[in-house]
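Working notes, structure below.
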Amino acid sequence: MSTNELSDRYNHLEVEDKNYLFWMKNNYFKAEDISTKPPFSLIMPPPNVTGSLHLGHALDQTIQDLFTRWKRMSGFNALFLPGTDHAGISTQLVVEKELLKQGLKRRDLGREKFLEKVWEWKETYGNRIIEQCKKLGDSADWGRIKFTLDDDVSAAVRKVFVSLYKEGLIYRGQRLVNWDTQLETAVSDLEVENEERKGTLWHIKYPIEGMNEFMIVATTRPETMLGDTAVCVHPSDDRYRKHIGKNVVLPLLGRKIPIIADEYVDQTFGSGVVKMTPAHDFNDYEIGKRHKLQFINILNTNGTLNSNAGPYQGLKVQPARKKVLEDLAAQGLLEKEEPHKQVVPVSERTGQVVEPYLSDQWFVAIHKLARPAKHVVESGTIEFIPEMWAKTYLHWMNNIQDWCISRQLWWGHRIPAWYCEDCKHVVVSEKNPVECDKCKSKNLKQDDDVLDTWFSSGLWPFSTLGWPEQTESFKTFYPTSLMVTGHDIIFFWVARMIMNGLHFAKDIPFRHVYIHGLIRDSQGRKMSKSLGNGVDPLDMIEKYGADALRFTLLSSVASGKDLKFSEKRLEGYRNFMNKIWNATRFALTNLKEYKSLNESINPEAMSLADHWIISRLKETQEQVDDYLDSHRISEAANTLYSFVWNDFCDWYLEFIKPIMYGDDIYQKNETAKVLAGTLNRIMRLLHPFIPFITEELYQKLPIKNEACIVDAYPTSENDRVWLSASDKEKAFELNVIKEAISALRNIRGENQIKPGQKINIRLSTASIRLNEILTKNQSAFTKMANVDGFEIGSNLSATKSALQLIQIGQDKMSVIVPLEGLVDLGAEIARLQKNLEKAQKDIEITHKKLSDDSFMKNAPPDIVETEKARLEQLVEQTQTIQESLERLK
RNA sequence: GCGCUCGUAGCUCAGUUGGUUAGAGUACUACCUUGACAUGGUAGGGGUCACAGGUUCGAGUCCUGUCGGGCGCACCA
């Protein structure tokens with residue numbers, strides 16, 4: 001096979017890697033810091049450095065690459081900046097798990113040794129996801145790749161921390177936080193998921209001091225009573241008002257604790273008495289502060305009970321609960337238990353029940369940062385696509401809470417705070433301090449904690465561009481043009497980028513936020529390892545090709561809704577790739593003799609089909625440009641799909657076959673140019689969607705430039721000269737033939753006339769214009785409808801014939817196929833009957849409309865006119881059908 | 001509880017200022033291996049646009065309610 005000959009099936013395996021190398025070798029992905037072209041910038045949401053690509057990434061990346069390639073082809077200095085995230089918690093978990101297999105524990109190794117292991121792990125697996133992105137076709141500027149723990153990014157992180165601290169927007173304090181007892185770290189509110197579970201509500205008797213009475217408290221977490229420092233009732237609760245100020249004796253531990261009153265208590269729930277555990281419950285914490293209650297912490301960091309729990313020390317929460325209940329029952333203090341639906345907070349990462357835990361943590365005071373971040377979205381300066389996500393964003397921003405940013409982990413940005421061992425002063429500094437700036441002691445100890453991963457992610461749009469230095473990159477590409485991400489991280493990430501961007505980079509981080517849905521399995525379930533329903537995009541790429549996967553994702557992503565992934569659909573788009581391949585194969589075979597073709601086409605010499613395909617191309621280009629501009633990705637993809645398959649392959653290629661196989665060299669030369677030119681534009685139009693196959697085929701075309709990836713994206717603007725060759729009138733004329741052929745096919749199909757059976761046809765029309773068009777184009781009918789005898793005229797006989805009436809603009813024609821001796825007439829009678837019924841029904845509807853006074857009075861004149869014309873047509877049609885039916889009987 | 005969102009063909013979904021006969025892919029049926037492609041071609045069947053009201057000359061589209069999914073946020077111990 002010579003290089004110009006294509007196999008009859010598209011084999012993505014031979015095409016994809018090869019073309020990726022070609023692009024890389026020629027530096028096509030590189031964006032310039034200084035350029036005369038307008039900038040377009042898009043920062044990749046950094047995937048976890050040790051992760052591997054899943055379908056969600058694939059969707060995310062493909063959308064980004066689509067816009068990058070489109071903008072690059074549209075003359076922009078397009079930057080797609082890649083990077084990876086250190087992903088504190090998940091990476092640490094993965095490595096810990098791995099070490100455990102070797103019998104090694106994190107704490108046994110110690111911080112330094114453990115971090116060495118994580119870095120080793122990162123070096124080994126850190127590029128895996130990057131390689132996977134390349135498989136997908138990402139045209140990212142890999143020379144600029146960033147990692148969240150890179151020196152310059154870390155410097156940005158420190159700068160931000162220190163300046164927020166100096167502004168008083170970062171503070172340290174002892175607070176009740178969400179505690180993951182497996183990881184032994186605090187986690188933020190966002191990292192906690194609330195699961196509804198069946199639980200039990202236990203009613204426990206607390207003896208009132210000096211009385212033979214009890215206060216009954218209800219609780220779902222009885223073990224927390226070990227940390228109780230009060231019981232609380234509503235101040236106006238008549239049942240208990242008399243007891244306020246007295247004490248109860250805490251069962252099991254015998255501690256005396258006060259009975260207090262607070263409006264918070266709901267008198268109607270349970271017994272109306274609430275036990276107060278200020279160190280282990282968020283509501284109790286608030287009340288505890290109001291009433292200056294004692295805070296007794298009963299937990300160790302690993303979730304076991306500490307010495308404050310007395311005899312229960314050392315037990316984990318669940319065993320302690322069991323024991324506490326047993327002991328209470330033994331003492332007759334367990335009044336009753338009842339089933340209770342409760343919401344349990346669960347750590348997103350480990351699935352452990354989150355315990356509220358009192359500890360020293362760092363927080364960002366968020367309200368001052370949130371205000372401008374709300375404003376830019378309210379004012380439309382930052383635009384969410386689809387718009388509805390702006391509501392979600394604003395709702396959260398309006399209820400935002402201070403952000404706990406410290407994590408008791410080792411892997412991450414260590415908090416740049418040092419404690420003076422001598423004077424207890426806290427030094428917060430960008431550079432590692434050598435001495436306490438208060439007492440000059442050299443006895444400094446750095447805070448052990450690291451920052452929440454999202455702290456560094458929040459700076460990503462500018463830390464990746466060299467900020468805080470005013471680099472050329474930063475000046476050129478900030479604010480970025482577009483951010484593409486899933487709705488699951490609007491709060492985690494998008495909100496924080498907006499807050500930080502405004503505060504530090506002094507401008508919004510991006511103009512548009514494209515929010516796509518999450519990918520679910522074909523049944524709509526979340527893809528997860530435990531369900532085993534995950535689809536590995538790399539398997540799909542291997543099997544169907546990256547382009548097919550990309551097109552599947554892009555054609556499915558609409559209006560920000562979640563999307564169900566089906567392999568069936570992927571198969572369909574794999575077939576589309578094959579279709580494109582074979583259409584080009586056909587073209588190239590027929591263009592063999594045209595080694596180089598020039599672009600200029602001569603409207604006078606073009607066939608009707610040439611005029612028609614160019615006019616369709618023009619419409620397609622206009623639509624696609626419009627759709628991409630308004631981020632309507634699936635519409636753009638589907639428009640191209642149907643143009644290529646339905647218009648170009650099904651009609652145009654069939655129409656030009658007689659020309660390409662014929663002897664009319666003059667005509668053939670012209671059509672060759674149109675064919676090659678159209679194909680060239682098809683490749684360019686499709687390239688951002690399916691880069692591999694389009695580059696491969698583009699390179700084989702007789703009309704081409706350097707590379708598809710850097711050729712211009714065709715629009716009705718920049719392609720005006722070529723598109724203007726299409727004569728509207730002639731394009732329209734082709735529709736006449738197309739309609740007639742469709743009618744013939746319909747007659748054939750419904751009457752079961754075998755495709756091999758040649759038929760005689762009569763095209764009957766009073767229109768001289770149609771008559772001329774049909775006469776000129778008899779060959780099209782011969783080839784495309786297997787027509788033998790051909791008669792054109794007016795008032796041609798339709799006896800014992802199938803008939804279809806066609807209306808084209810003002811002109812009408814009857815497509816007549818004599819059936820006598822060919823087939824039984826029953827099928828045609830049935831077909832006409834069906835058409836007749838439909839037409840009659842339509843007449844009824846239209847007639848009703850037109851005889852409605854209010855319609856005639858209120859509807860705009862053009863609508864009324866259309867309806868009138870329609871009625872006329874329908875009436876005529878029914879007459880013709882009825883006559884035809886008569887002649888069949 | 002508050003907020004958002006969806007309900008269109010067997011399945012997956014389009015349907016953007018309300019306006020001809022509600023579309024596509026897939027599945028299904030019939031026919032066809034014709035010199036790009038059977039990962040193909042041609043034709044066909046298939047919908048009370050969840051339901052009930054309302055606005056309007058006109059509603060899949062706008063409004064209200066009901067039913068049924070999904071999601072987010074906050075929750076009574």
Side-chain angles (χ1 to χ4, degrees), chain A residues 6 8-10 189 194 201 217-221 224 232 264-266 268-277 281-284 340 342-343 388-389 391-392 395-396 399 487-488 490-491 517-518 520 522 524 544 548 555-556 558-566 568-569 571-590 630 632 634-635 638 641-642 646 649-650 653-654 657 661 742 745-756 783 785-786 831 838-839 841-842 845-846 849 852-860 862-864 866-867 869-870 874:
Chain A
L6 274 57
D8 65 353
R9 280 196 185 182
Y10 172 53
D189 296 346
N194 293 312
L201 190 61
V217 302
T219 179
T220 54
R221 297 189 297 151
T224 62
C232 187
Y264 158 80
V265 177
D266 177 357
T268 63
F269 187 89
S271 59
V273 185
V274 187
K275 61 192 270 309
M276 288 289 118
T277 322
D281 182 282
F282 287 99
N283 291 311
D284 297 1
H340 181 70
Q342 71 180 117
V343 177
M388 77 181 194
W389 292 111
K391 287 184 194 167
T392 307
H395 184 256
W396 187 70
N399 296 288
H487 60 70
D488 51 335
I490 290 177
F491 308 144
L518 308 180
R520 296 172 179 281
S522 55
Y544 300 99
S555 69
S556 314
S559 60
K561 285 186 295 194
D562 288 356
L563 53 103
K564 292 177 193 166
F565 181 81
S566 100
K568 209 81 204 137
R569 198 163 169 156
E571 206 182 304
Y573 288 118
R574 186 270 319 264
N575 297 352
F576 180 48
M577 300 308 129
N578 193 52
K579 191 75 180 174
I580 296 168
W581 180 263
N582 269 294
T584 310
R585 185 162 87 104
F586 164 80
L588 291 179
T589 312
N590 287 284
S630 49
R632 290 159 68 181
S634 62
E635 282 96 329
N638 294 333
Y641 177 94
S642 88
N646 304 129
C649 293
D650 289 348
L653 292 185
E654 294 306 321
K657 273 178 186 174
Y661 295 152
S742 288
R745 286 173 176 172
N746 180 275
I747 289 169
R748 245 185 208 282
E750 299 250 344
N751 284 294
Q752 306 265 358
I753 303 170
K754 299 262 179 189
K783 295 283 177 191
N786 202 15
R831 189 184 76 93
K838 196 163 183 344
K841 213 171 107 191
D842 291 342
I845 294 167
T846 315
K849 253 190 207 176
D852 184 341
D853 283 345
S854 46
F855 173 77
M856 298 302 282
K857 212 165 61 193
N858 292 310
D862 58 316
I863 298 285
V864 176
T866 320
E867 291 294 325
R870 186 171 134 67
L874 284 166

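Numbered from 1 within each chain, the chains take letters A, B, ... in sequence-line order.
You'll find that the side chain of A:Asp266 is closest to B:A77, out of B:A77, B:A43, B:G40. Of the candidates B:G41, B:G15, B:A77, B:A77 carries the atom nearest the A:Phe269 side chain, counting heavy atoms from C-beta on. Considering only the side chain of A:Val265, B:A77 comes nearest among B:A77, B:U39, B:C32. Side chain of A:Asn575, nearest nucleotide from B:C57, B:C73, B:G40: B:G40. Side-chain atoms of A:Lys275 lie closest to B:A77 of the nucleotides B:A36, B:A77, B:U39. Across B:U20, B:G35, B:C32, the shortest atom-to-atom separation from the side chain of A:Lys754 is found for B:C32. Of the candidate nucleotides B:G19, B:A36, B:U12, B:A36 has the atom nearest to the side chain of A:Leu653.
In terms of polar N and O atoms assigned as donor or acceptor, the side chain of A:Lys579 comes within less than 3.5 Å of the base of B:C37 in a complementary pairing. In the interface, the side chain of A:Arg574 is paired with the base of B:U39 through a donor and an acceptor atom under 3.5 Å apart.
For the OP1/OP2 pair of B:A77 and a distance below 4.0 Å, the side-chain nitrogens and oxygens of A:His340 include at least one atom meeting the criterion. Residue A:Lys564 places at least one side-chain N or O closer than 4.0 Å to OP1 or OP2 of B:C13.
Both cation-pi conditions hold for A:Lys657 and A:Phe586: the charged atom is under 6.0 angstrom from the six-membered ring centre and inside a 45 degree cone around its axis.
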